[in-house]
Amino acid sequence: MDETVAEYIRRTVLKIPRDEIKTMLQKWGFLSETQLQTINFHQMKENISQDVVQLCEKNSADIKQAAVLDIIYNHIYPNKRVWSVYQMNKPVSFFSCVTGEETEFFDLTDFKKKFKRQLRSTLKNVTINFREYEDNAIWIRIAWGTPYTKPNQYKTSYVVYHSQTPYVFISASVLKSNLPLLCQALLAASSYCDIREMELRSHSLNSLKDIVFKRYSQNFQTYYPRPVQERNVAPESTDIRIIQENRNEKERIQRVNQEVFGPGPQPKLEFAQYKLETMFKSDPKMDVLDKREPFRCLVKFSSPHLLESLKSLAPAGLADAPLSPLLTCIPQKARNYFRIKEKKGFFPGSFVSP
């Protein structure tokens with residue numbers, strides 16, 4: 001077994017939590033159950049990884065088997081990577097115009113062959129591995145090289161493609177220059193003609209799928225909670241009108257929040273970014289700016305669970321209800337990158353040249 005393969009397997013095993021190493025190796029299937037029984041999984045991870053490497057040497061493991069183990073790890077822990085959503089498009093055929101739908105048979109073998117052929121026609125030194133999962137998700141792992149160097153197994157790109165859908169989830173490597181090659185291979189393999197980024201990114205791959213596959217939907221005006229029943233009796237010194245007003249306001253906030261965000265849990269996104277390119281509005285007589293240029297500003301909201309955080313603002317009294325549509329439309333628009341510009345042809349009076 002090649003030394004680079006042995007080192008890659010060792011590092012992959014070290015990334016796995018110790019309590020899950022045996023389960024993941026069983027899913028890998030490269031080592032027999034008898035071989036796994038010879039490993040003491042209660043020892044230090046470094047020693048476990050060395051034992052696994054020795055068994056892999058006996059089985060003559062190569063980079064293909066090592067890559068499969070890496071795919072399994074990333075499938076179980078997809079949140080370790082940042083995922084971007086891309087949407088592919090194809091010309092509308094006559095059949096789809098008439099019937100409103102277009103049914104195509106998806107051939108996985110043909111998809112793999114076209115993908116490899118297209119990618120290797122532009123770059124020979126590349127490692128490509130596929131693995132299909134139960135939800136019709138095809139996981140593709142690409143390790144990139146250069147015309148003069150072997151593929152770097154530690155700088156990989158990952159693609160998750162669901163057949164019969166135009167959506168692709170890509171976790172690109174640090175070598176962003178290879179992204180156009182990857183997109184061209186996807187188009188050639190899936191028979192689409194165009195691909196664009198949707199400005200939707202997150203560590204949570206499942207949340208991105210929930211948004212683009214419409215598995216999450218905001219329920220507008222579909223649920224009205226019952227009035228809150230107060231058990232505590234108000235003190236005699238407190239004005240009952242104030243208590244009632246506060247109760248009514250809390251009920252209104254709860255109702256509006258439910259209408260905007262829906263009753264279920266929110267998709268997990270870590271940030272939303274707004275790039276402002278708007279004109280500075282002021283009194284023409286003040287002449288605040290010498291140059292007639294747009295006012296540029298970048299606003300970024302960050303949180304381990306941004307949408308749940310936004311949902312909790314109004315009930316906590318930290319914001320008015322409802323929140324701005326710019327914040328609540330993220331799942332509906334399927335994007336968390338926004339660019340806000342002036343309406344076309346609109347210029348404030350203070351910026352109109354004489």
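Note that this is a predicted model, so its numbers are computed, not measured.
Within the 4.5 Å cutoff, no side-chain heavy atoms of Leu276 are placed close to those of Leu298. Put simply, the side chain of Ile48 does not reach to within 4.5 Å of the side chain of Asn40, judged on heavy atoms. Side-chain contact between Arg11 and Gln153: absent, with no pair of heavy atoms (C-beta onward) separated by less than 4.5 Å. Side-chain contact check for Asn59 versus Phe30: some heavy-atom pair is nearer than 4.5 Å. Between Arg335 and Phe338 the shortest side-chain heavy-atom distance falls below 4.5 Å. Using a 4.5 Å cut-off on side-chain heavy atoms (C-beta onward), Ile76 and Met24 make contact. Under the 4.5 Å side-chain criterion, counting only non-hydrogen atoms from C-beta, Met44 is in contact with Asn47. Leu208 is listed as a side-chain neighbour of Leu200, based on a closest heavy-atom distance under 4.5 Å.
Using a distance-only test at 3.5 Å, with no hydrogens or angles considered, a donor-acceptor pair links the side chain of Ser190 to the main chain of Leu186. Put simply, the side chain of Asn152 never gets that close to the backbone of Trp144: no donor and acceptor are under 3.5 Å apart. Of the possible donor and acceptor atoms, one in the side chain of Ser171 sits under 3.5 Å from a partner among the backbone N and O of Val82. In terms of modelled atom types and a separation under 3.5 Å, the side chain of Gln35 and the main chain of Ser32 share a donor-acceptor contact. Put simply, the side chain of Asn89 never gets that close to the backbone of Asp194: no donor and acceptor are under 3.5 Å apart. A donor-acceptor pair under 3.5 Å is absent between the side-chain atoms of Asp2 and the main chain of Asp62, judged by distance alone. Put simply, the side chain of Trp28 gets close to the backbone of Gln65: a donor and an acceptor are under 3.5 Å apart. Between the side chain of Asn136 and the backbone N or O of Ser163 there is no donor-acceptor pair closer than 3.5 Å.
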Q: Could you give me the CA-CA distance, side-chain angles and deciding distance for Asp320 and Leu313, then say whether side-chain contact (heavy atoms from CB on, under 4.5 Å) is met?
A: CA-CA 8 Å; Asp320 294 332; Leu313 288 178; over 6 Å; no
Q | Trace of the side-chain contact (heavy atoms from CB on, under 4.5 Å) decision for Asp110 with Lys113 | A | CA-CA 5 Å; Asp110 185 60; Lys113 183 168 62 176; 4.1 Å; yes
(Q) For a ring-ring contact (aromatic ring centres under 6.0 Å, His included) check, start with the C-alpha distance between His75 and Trp139, then their side-chain angles and the critical distance, and finish with the verdict. (A) CA-CA 8 Å; His75 178 259; Trp139 281 65; 5.2 Å; yes
Q) Can Val159 and Ile142 be said to form a side-chain contact (heavy atoms from CB on, under 4.5 Å), step by step? A) CA-CA 8 Å; Val159 177; Ile142 306 102; 4.1 Å; yes
Q: Output, in order, the C-alpha distance, side-chain angles, deciding distance and verdict of side chain to side chain donor-acceptor pair (under 3.5 Å) for Glu33 and Gln26.
A: CA-CA 8 Å; Glu33 196 64 34; Gln26 289 173 332; 3.3 Å; yes
Q | Verdict with supporting geometry, Ile170 and Leu179, side-chain contact (heavy atoms from CB on, under 4.5 Å) | A | CA-CA 9 Å; Ile170 298 178; Leu179 185 58; 4.3 Å; yes
Q.
Please evaluate residues Ser202 and Glu270 with respect to the criterion side chain to side chain donor-acceptor pair (under 3.5 Å), reporting the C-alpha separation (whole Å), side-chain torsions for both, the decisive distance (0.1 Å), and the verdict.
A. CA-CA 6 Å; Ser202 175; Glu270 297 85 18; 3.1 Å; yes
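If you take OG on Ser84 and CE on Met198, they are separated by 11.5 Å, rounding to the nearest 0.5 Å. Atom OG1 of Thr328 sits about 10.5 Å away from atom CD of Gln266, to the nearest 0.5 Å. To the nearest 0.5 angstrom, Ile71 atom CD1 is 7.5 Å from Arg131 atom CZ. The CG atom of Leu307 lies 5.5 Å from the CD1 atom of Ile330; values are rounded to the nearest 0.5 Å. To the nearest 0.5 angstrom, Leu108 atom CG is 8.0 Å from Phe130 atom CZ. For the atom pair CG of Leu119 and CD1 of Ile128, the computed distance is 4.5 Å after rounding to the nearest 0.5 Å.
A donor-acceptor pair shorter than 3.5 Å cannot be found between the side chains of Ser309 and Ser312. In the model, Asn206 has no side-chain atom that pairs as donor or acceptor with a side-chain atom of Ser204 under 3.5 Å. Donor-acceptor pairing under 3.5 Å is recorded for the side chains of Asn74 and Tyr158.
Heavy atoms only, all atoms of each residue included: Gly262 and Lys311 are closest at O-NZ, 3.5 Å. The minimum heavy-atom distance linking Ala314 with Asn257 is given by the pair CB-OD1, 4.3 Å. The shortest heavy-atom contact between Phe261 and Leu323 is CZ-CD1, 4.0 Å.
Stacking of Arg196 on the aromatic ring of Tyr86 is not recorded, the 6.0 Å distance cut-off and the 45° axial limit not both being met. Judged by the 6.0 Å and 45° rule, Arg201 forms no cation-pi pair with Phe169.
Hydrophobic clustering of Ile, Leu, Val, Met, Phe, Trp and Tyr side chains at less than 4.5 Å, counting indirect connections, keeps Leu55 apart from Leu14. Under the 4.5 Å side-chain heavy-atom criterion for ILVMFWY residues, no single connected hydrophobic cluster contains both Tyr154 and Ile140. Both Tyr73 and Leu205 sit in one connected hydrophobic cluster of ILVMFWY residues. Membership requires side-chain heavy atoms under 4.5 Å apart, directly or through other members. A continuous path of Ile, Leu, Val, Met, Phe, Trp and Tyr side chains, each step under 4.5 Å between heavy atoms, connects Leu31 with Ile72, placing both in one hydrophobic cluster. Hydrophobic clustering places Val299 together with Ile340 (ILVMFWY residues linked when any side-chain heavy atoms are closer than 4.5 Å, directly or through intermediates).
Ring pair Phe115/Phe111 is parallel by interplanar angle, where below 30° counts as parallel and above 60° as perpendicular. Using a 30° and 60° split on the angle between ring planes, Tyr274 and Phe301 fall in the perpendicular class, above 60°.
Salt-bridge check for Glu251 with Arg255: failed, with every basic side-chain N at 4.0 Å or more from each acidic carboxylate O. With respect to Lys209 and Asp135, a salt bridge is recorded, a charged nitrogen being found less than 4.0 Å from a carboxylate O.
Sorted by first then second residue, the salt bridge (charged side-chain N to carboxylate O under 4.0 Å, His left out) pairs that include residues 14-30, not counting sequence neighbours, are Lys15-Asp70. Evaluation of the salt bridge (charged side-chain N to carboxylate O under 4.0 Å, His left out) test over residues 39-51, restricted to residues two or more places apart or in two chains, returns Arg10-Glu46.
For Gln37, the CD atom sits in a packed shell: over 12 heavy atoms of surrounding residues, nucleotides or ligands are nearer than 6.0 Å.
Aromatic ring centres of Tyr161 and Tyr167: separated by at least 6.0 Å.
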